[in-house]
Amino acid sequence: MEPITLHPFDPTIAVTFVAALTGDGPVDPSWLPYVPDSLIHDLGKSRAGDENAGNRITLAFARIVASQHPTFFHPGCGLTTWEARVDRGIGLMMRPPSRLFIEAGLERRQVEAMPIRLDLQGGMMGGAWIPPRLIGNVRDLLDSRLERMAKRLHDAEYDPYALLSLMNSAVSYAAERQLGLLEAIGIVGPYGEHESGLNLVVADSKRMDPELRQRIQIAITPPKKPGLMSRLLGKGQPSANGHLPEDGA
């Protein structure tokens with residue numbers, strides 16, 4: 001599965017990033033490992049419609065925000081994949097990377113080549129993001145639809161414990177600190193390998209919230225089949241009109 005990471009971040013950092021990119025402000029010295037000199041040239045290429053240049057800009061930004069807060073990782077666990085495979089409702093809260101940079105001061109034509117979501121076949125890049133004001137909505141969505149999400153993941157042969165635990169952890173971290181959430185590909189390798197200094201949080205079923213584990217377990221456990229005596233006595237069996245005897249119909 002895809003090595004997608006989730007990054008809590010303060011969107012105001014994009015203003016400083018854009019200023020450094022356009023030459024209107026200094027580059028934070030701590031950013032130098034993540035901002036190559038060629039990135040300024042990529043801005044011009046992106047304006048000309050070069051999608052790869054736009055992707056390199058989003059990746060550089062993702063690497064910067066990864067240095068500020070923990071990076072949450074489990075293969076395949078991202079905003080784009082969640083919308084496509086688990087619950088489309090999260091898409092209502094997701095914003096394209098171009099919007100982040102436009103709000104930070106770039107011209108629309110400079111970022112039009114950026115994809116609106118992660119291109120899972122497009123290599124390393126930053127992807128969609130959720131503003132801080134909507135993180136609470138995402139947390140409510142995860143809670144209210146958890147059982148349905150768990151069953152859908154289980155039926156698709158994904159690990160509902162790992163994916164739901166990690167997504168809940170990333171969203172809770174962001175909500176508690178009034179941060180947004182950004183996805184990216186290229187911060188870690190397929191097996192979680194990464195640069196030293198990265199604070200990587202991986203899904204750990206042994207440390208997940210017991211209540212969350214129990215809710216998932218109940219959701220994915222098949223209904224118990226009636227025993228022999230129950231079948232002989234007709235308990236739990238539909239009547240001729242299709243209703244269960246105990247429903248009073």
Side-chain angles (χ1 to χ4, degrees), residues 2-69 71-73 78-81 83-84 91 93-134 174 179-190 193-199:
E2 307 88 354
I4 304 173
T5 45
L6 292 169
H7 306 275
F9 78 112
D10 182 349
T12 61
I13 197 175
V15 177
T16 308
F17 176 76
V18 165
L21 199 61
T22 58
D24 295 329
V27 177
D28 187 317
S30 67
W31 294 3
L32 293 177
Y34 316 115
V35 182
D37 294 336
S38 60
L39 201 64
I40 295 175
H41 301 294
D42 281 333
L43 185 59
K45 293 179 181 178
S46 179
R47 182 189 292 114
D50 187 329
E51 184 175 308
N52 290 329
N55 290 345
R56 287 191 291 270
I57 292 172
T58 62
L59 179 64
F61 182 75
R63 295 181 71 198
I64 288 171
V65 301
S67 69
Q68 308 293 314
H69 294 280
T71 291
F72 293 82
F73 170 68
L79 303 179
T80 294
T81 49
E83 180 188 28
M93 276 73 81
M94 293 163 58
R95 302 291 182 263
S98 58
R99 179 165 171 175
L100 176 65
F101 297 119
I102 289 171
E103 291 178 354
L106 284 181
E107 299 175 14
R108 184 175 299 276
R109 61 177 181 169
Q110 293 174 302
V111 295
E112 285 180 342
M114 294 180 182
I116 63 173
R117 300 284 192 266
L118 283 179
D119 180 352
L120 301 181
Q121 308 301 322
M124 300 186 296
M125 69 182 74
W129 61 290
I130 298 175
R133 62 184 177 82
L134 296 178
L179 300 171
L181 197 64
L182 172 76
E183 63 177 355
I185 291 181
I187 304 298
V188 303
E193 58 270 29
H194 56 85
E195 297 178 353
S196 60
L198 188 72
N199 183 4

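A quick note: this is a predicted structure, and the numbers were derived from the prediction, not measured.
Between R117 and E83 a salt bridge is recorded (basic side-chain N to carboxylate O distance below 4.0 Å). The existence of a salt bridge linking E103 and R99 is confirmed by a sub-4.0 Å separation between a basic side-chain nitrogen and an acidic carboxylate oxygen.
Within the 4.5 Å cutoff, no side-chain heavy atoms of N55 are placed close to those of M124. Using a 4.5 Å cut-off on side-chain heavy atoms (C-beta onward), P132 and P11 make contact. Within the 4.5 Å cutoff, side-chain heavy atoms of V65 are placed close to those of L182. Annotation: side chain of I4 is in contact with side chain of T81 (closest heavy-atom distance under 4.5 Å). Taking the side chain as every heavy atom from C-beta outward, L198 and F73 never approach each other to under 4.5 Å. Side-chain contact between D119 and E51 is present, with at least one heavy-atom pair separated by less than 4.5 Å. Using a 4.5 Å heavy-atom threshold, the side chains of F101 and V18 count as touching. In this structure, the side chains of P115 and M125 come closer than 4.5 Å at one or more pairs of heavy atoms.
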Let me see the working for N199 and H69 under side-chain contact (heavy atoms from CB on, under 4.5 Å), right down to the final yes or no. CA-CA 7 Å; N199 183 4; H69 294 280; over 6 Å; no
Evaluate the salt bridge (charged side-chain N to carboxylate O under 4.0 Å, His left out) criterion for residues R47 and E112: first the C-alpha distance (whole Å), next the side-chain angles of each, then the deciding distance (0.1 Å), finally the verdict. CA-CA 8 Å; R47 182 189 292 114; E112 285 180 342; over 6 Å; no
Is there a side-chain contact (heavy atoms from CB on, under 4.5 Å) between F17 and V27 once you walk through the steps? CA-CA 8 Å; F17 176 76; V27 177; over 6 Å; no
Would L100 and T58 count as a side-chain contact (heavy atoms from CB on, under 4.5 Å) if you check the C-alpha gap in whole Å, the side-chain angles of each, and the deciding distance to 0.1 Å? CA-CA 10 Å; L100 176 65; T58 62; over 6 Å; no
Run the side-chain contact (heavy atoms from CB on, under 4.5 Å) check on T80 and E2 step by step: do they pass? CA-CA 11 Å; T80 294; E2 307 88 354; over 6 Å; no
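From D10, atom CG reaches atom CG of L179 across 6.5 Å, with rounding to the nearest 0.5 Å.
Across all their heavy atoms, L79 and E183 have their closest contact at N-OE1, 2.8 Å. G54 and M114 get closest at one heavy-atom pair: O-CE, 3.8 Å. For D50 against A53, the heavy-atom pair with the smallest separation is OD1-N, 3.1 Å. When all heavy atoms are compared, the tightest approach of V188 to T5 is CG2-CG2, 3.7 Å. Across A174 and G180, no two heavy atoms sit closer than the pair CB-O, 3.8 Å.
A ring-centre distance under 6.0 Å is not found for F61 and Y34.
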